[in-house]
Amino acid sequence: PAVEITSLTVTGTTAVLAWESNRSNLVFMVESSADLNTESWSPASPTSQWWLSDSVWTHSPSSKEWTFFRVKGREP
């Protein structure tokens, strides 16, 4: 399924990531990586929150390092 990130808003130390999909009835996982040129993507912490039925994710990073995000969708 196609998933498109529609916004990333950062306020203070909180980031809000929103997305939409071309299909309904999907669940989603946000993955993160410190490098776009790698295959080392992993579920964003805490991993117990995946899979989500919502299309919005709020994150308060513990560090100020650059982090890249992508969203995956699948049927429940």
Side-chain angles (χ1 to χ4, degrees):
V3 178
E4 177 182 344
I5 294 174
T6 56
S7 68
L8 173 61
T9 307
V10 179
T11 305
T13 60
T14 302
V16 178
L17 184 66
W19 57 87
E20 56 187 38
S21 174
N22 64 344
R23 292 179 45 196
S24 60
N25 195 33
L26 295 178
V27 290
F28 303 95
M29 176 190 304
V30 176
E31 294 182 322
S32 63
S33 178
D35 185 357
L36 281 176
N37 298 316
T38 185
E39 294 298 318
S40 64
W41 291 87
S42 59
S45 295
T47 58
S48 61
Q49 65 189 326
W50 308 120
W51 292 78
L52 294 176
S53 57
D54 294 331
S55 58
V56 175
W57 176 64
T58 302
H59 178 59
S60 296
S62 58
S63 70
K64 294 189 178 199
E65 293 181 16
W66 278 94
T67 303
F68 300 96
F69 297 105
R70 70 180 182 186
V71 181
K72 296 172 79 171
R74 69 166 173 90
E75 294 183 6

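Because the structure is a prediction, the values reported are computed rather than measured.
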Asks: Looking at Val56 and Leu52, what are the two nearest heavy atoms and their distance?
Replies: O-CD1, 4.1 Å
Asks: Looking at every non-hydrogen atom in both residues, tell me the closest pair between Gly73 and Val3 and how far apart they are.
Replies: N-CG2, 3.9 Å
Asks: Please name the pair of heavy atoms, one in Phe69 and one in Val30, separated by the smallest distance, quoted to 0.1 Å.
Replies: CD2-CG1, 3.7 Å
Asks: Quick check: does any side chain N or O of Thr6 sit under 3.5 Å from a backbone N or O of Ala18, one acting as donor and the other as acceptor?
Replies: yes
Asks: Report the residues that fulfil side chain to side chain contact (heavy atoms under 4.5 Å, CB included) with Asn22, sequence neighbours left out, ordered by chain and then residue number.
Replies: Pro1, Ala2
Asks: Report whether Ile5 and Val27 are members of the same hydrophobic cluster (ILVMFWY, side-chain heavy atoms less than 4.5 Å apart, transitive linking).
Replies: yes
Asks: Measure up the Trp50 and Trp57 rings against each other and bin them: parallel (under 30°), tilted (30 to 60°), perpendicular (over 60°).
Replies: tilted
Asks: Report the distance from atom OG of Ser32 to atom CZ of Phe68, rounding to the nearest 0.5 Å.
Replies: 11.0 Å
Asks: Check Gly12 against Val10 and note the closest heavy-atom contact, atom names and distance.
Replies: O-CG1, 3.9 Å
Asks: What pair of heavy atoms forms the shortest contact from Trp19 to Leu17, and how long is it?
Replies: CZ3-O, 3.6 Å
Asks: In Å and rounded to the nearest 0.5 Å, what is the NZ to CE distance from Lys72 to Met29?
Replies: 6.5 Å
Asks: Hey, what do you get for CD (Glu39) to OG (Ser33), rounding to the nearest 0.5 Å?
Replies: 9.0 Å
Asks: Look up atom CZ in Arg74 and atom CG in Asn25, then write down how far apart they are to the nearest 0.5 Å.
Replies: 11.0 Å
Asks: Could you tell me whether the side chain of Glu75 reaches within less than 4.5 Å of the side chain of Leu26, counting heavy atoms only?
Replies: yes
Asks: What's the shortest heavy-atom distance between Gln49 and Ala44, and which atoms?
Replies: NE2-O, 3.6 Å
